[in-house]
Amino acid sequence: MSESGPAPAASVLIPVYNEERLIRETAAAMRAQRLEGGLELIFIDGRSEDRTREILEELAAEDERIRVLDNPARQIPQALNVGLAAARGRWVARMDAHSWYPDDYVALGVERLQRGDVEWVSGPAVPRPTGPWARRVALALGTPLGQGGSAKWREQGAGAGDEYELDTGVFAGVWPRATLERLGGWDDRWPVNEDSEMAARYFDEGGRIVCIPAMAAEYAPREDLRSLVRQYLRYGFYRAKTTRRHPRTVRRSFIGAGALSMAAAGSLVPTRALPARACRAAMGAYGIGLAALTARAARRGGDATDLAGVPVVLAIMHVCFGAGFLAGSVRFWLSPGGVGAL
């Protein structure tokens with residue numbers, strides 16, 4: 001399907017950057033999508049420094065539905081907006097280059113949109129571990145403390161079930177293109193948390209987001225602790241920015257993570273505001289909670305080494321998210337230039 005040919009029914013936007021290791025595998029799942037009226041797969045490359053672009057060009061030569069565009073800004077929201085500007089379909093789906101989607105992901109989303117009453121349809125996120133630490137992250141995300149109060153997470157093997165509604169914690173989705181254009185696309189000042197920020201704007205209009213379990217998509221969790229630390233610091237920082245623009249999106253879990261981060265700091269470097277005894281008592285109680293959750297995870301399986309890593313992963317998620325959220329709160333809520341940065 002060339003760019004000058006008949007317009008497809010749907011356009012799929014896929015930001016990519018240095019995805020050489022998984023791109024053939026995940027692109028195969030995207031190419032398996034089937035939809036009446038056809039679809040186009042728009043890969044927007046952030047000038048990858050590995051073989052990602054070369055592989056995509058090879059795939060485009062094999063499949064006329066594939067288009068490869070350039071994203072000089074190298075950030076996800078800019079990539080999505082480049083793709084949206086080029087999209088020709090009535091419907092638009094977002095997919096991630098390190099995720100695997102069911103063959104009928106787009107078709108199920110479009111079918112639900114055509115029934116009316118919603119303009120944003122999504123599916124749950126299911127961790128698909130590809131290494132030892134990724135397995136531990138997947139186990140952690142299967143616990144209540146690992147999900148951060150978001151209903152978007154789902155465990156592998158979970159049944160289909162009925163649709164349910166989501167808040168701003170959302171994983172990609174399918175929309176009418178006109179809806180995305182009305183919203184102005186993704187805000188390029190949000191290199192992280194861009195879907196949640198756009199969801200908040202959508203809710204401000206009175207919209208609803210429906211999650212369909214049959215649209216569950218698997219994604220690859222981080223495979224090393226350094227990447228996990230960076231991921232959750234950035235999550236927390238940009239969540240604070242989102243809550244500054246959209247205060248109603250604040251969750252108790254954000255405040256709790258921030259308090260935990262402060263208690264961890266006070267345990268190591270006590271101050272008058274953060275006395276050592278109180279901070280260490282709080283961290284002790286937190287440790288007991290992690291042990292209980294690890295025991296719960298053990299009932300779902302997993303070897304001893306992986307289970308021993310679950311408290312480590314949860315602690316990194318919570319403390320790093322909390323530290324990022326505190327830093328973002330200072331930056332966007334308290335600093336004189338914070339409002340202008342929004």
Side-chain angles (χ1 to χ4, degrees), residues 15 17 46 71 73-81 84 94 96 120 125 145-153 166-173 180 182-207 209 222 226-266 268-269 271 273-274 279 282 315-342:
Y17 177 70
N71 172 28
R74 292 188 164 184
Q75 299 289 346
I76 290 175
Q78 286 90 336
L80 292 168
N81 288 331
L84 178 60
R94 172 186 171 172
D96 290 331
W120 188 329
L145 281 182
Q147 297 171 0
S150 174
K152 73 178 181 181
W153 301 107
L166 293 174
D167 60 9
T168 58
V170 64
F171 181 60
L180 292 175
R182 185 184 75 240
L183 290 168
W186 289 264
D187 193 319
D188 60 16
R189 291 168 292 183
W190 264 258
V192 177
N193 207 227
E194 69 285 343
D195 280 333
S196 293
E197 191 286 320
M198 187 170 72
R201 284 185 276 126
Y202 172 69
F203 282 126
D204 287 344
E205 294 187 348
I209 299 177
R222 296 300 192 270
R226 179 178 295 181
S227 297
L228 189 68
V229 166
R230 183 173 181 269
Q231 178 186 21
Y232 276 81
L233 284 170
R234 285 165 58 82
Y235 278 177
F237 186 81
Y238 283 98
R239 260 299 181 178
K241 184 172 183 177
T242 301
T243 61
R244 177 63 180 86
R245 175 180 276 183
H246 309 283
R248 71 173 191 81
T249 66
V250 176
R251 292 185 190 146
R252 285 178 294 179
S253 60
F254 304 165
I255 307 302
L260 178 67
S261 180
M262 293 175 68
L268 298 173
V269 185
T271 65
L274 298 171
C279 290
I316 288 174
M317 288 177 171
H318 297 154
V319 173
C320 291
F321 182 96
F325 189 77
L326 289 174
S329 296
V330 171
R331 172 68 179 86
F332 300 112
W333 284 85
L334 302 179
S335 68
V339 175
L342 300 176

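FYI, the numbering just counts along the sequence from 1.
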*How long is the gap from OG1 on Thr242 to CZ on Phe237, to the nearest 0.5 Å?*
11.0 Å
_Could you work out, with salt bridge (charged side-chain N to carboxylate O under 4.0 Å, His left out) as the rule, every residue matching Arg248, not counting sequence neighbours?_
Asp204
_Any residue meeting ring pair (Phe, Tyr, Trp, His ring centres under 6.0 Å) with Phe203, in chain and number order, not counting sequence neighbours_ = none
*Check whether any side-chain heavy atom of Pro77 sits under 4.5 Å from a side-chain heavy atom of Asp187, and report yes or no.*
no
*Is Tyr202 close to Leu183 at the side-chain level, that is, under 4.5 Å between some pair of heavy atoms?*
yes
*So, for Arg234 and Pro191, which heavy atoms are closest and what is the spacing to 0.1 Å?*
NH2-O, 4.3 Å
*Hey, does Leu166 have a side-chain heavy atom less than 4.5 Å from the side chain of Phe171?*
no
Determine all donor-acceptor pairs shorter than 3.5 Å in which one atom belongs to a side chain in residues 254-266; sequence neighbours excluded.
from   : atom 1 : to     : atom 2 : distance (Å)
Ser261 : OG     : Ala323 : N      : 3.4

*Is there a side-chain contact between Met198 and Val170 (heavy atoms, below 4.5 Å)?*
no
*Using the test side chain to side chain donor-acceptor pair (under 3.5 Å), find all partners of Trp120 that sit at least two apart in sequence or belong to another chain.*
none
*Any chance the side chains of Trp190 and Asp195 put a donor and an acceptor closer than 3.5 Å?*
no
*With sequence neighbours excluded, tell me which residues meet side chain to side chain contact (heavy atoms under 4.5 Å, CB included) with Gln78.*
Asn71, Ala73, Gln75, Asp188
*Indicate yes or no: at least one non-hydrogen side-chain atom of Trp186 is less than 4.5 angstrom from one of Ile76.*
no
*Sidechain-backbone polar pair: Lys241 side chain, Arg189 backbone, donor-acceptor under 3.5 Å*: yes
*Results of salt bridge (charged side-chain N to carboxylate O under 4.0 Å, His left out) for Arg226 - residues two or more places apart only*: none
_With Glu194 via side chain to side chain donor-acceptor pair (under 3.5 Å) - residues at least two apart_ = Arg94
*List for me each residue that meets side chain to side chain donor-acceptor pair (under 3.5 Å) alongside Arg182, sequence neighbours excluded, and say none if there are none.*
Glu119, Glu205
*Would you please name every residue forming a side chain to side chain contact (heavy atoms under 4.5 Å, CB included) with Arg74, sequence neighbours left out?*
Tyr17, Arg47, Glu49
*Please report the closest heavy-atom contact between Leu233 and Cys320, naming both atoms and the distance.*
CD2-O, 3.3 Å
_I'd like to know if the side chain of Arg239 and the backbone of Phe325 have a donor-acceptor N/O pair within less than 3.5 Å._
no
*Report the residues that fulfil ring pair (Phe, Tyr, Trp, His ring centres under 6.0 Å) with Tyr235, sequence neighbours left out, ordered by chain and then residue number.*
Tyr232
*Kindly indicate, with the supporting measurements, whether the criterion side chain to side chain contact (heavy atoms under 4.5 Å, CB included) is fulfilled by Glu197 and Tyr238.*
CA-CA 9 Å; Glu197 191 286 320; Tyr238 283 98; over 6 Å; no
*Would Asp167 and Arg251 pass as an ion pair if we require N to O under 4.0 Å?*
yes
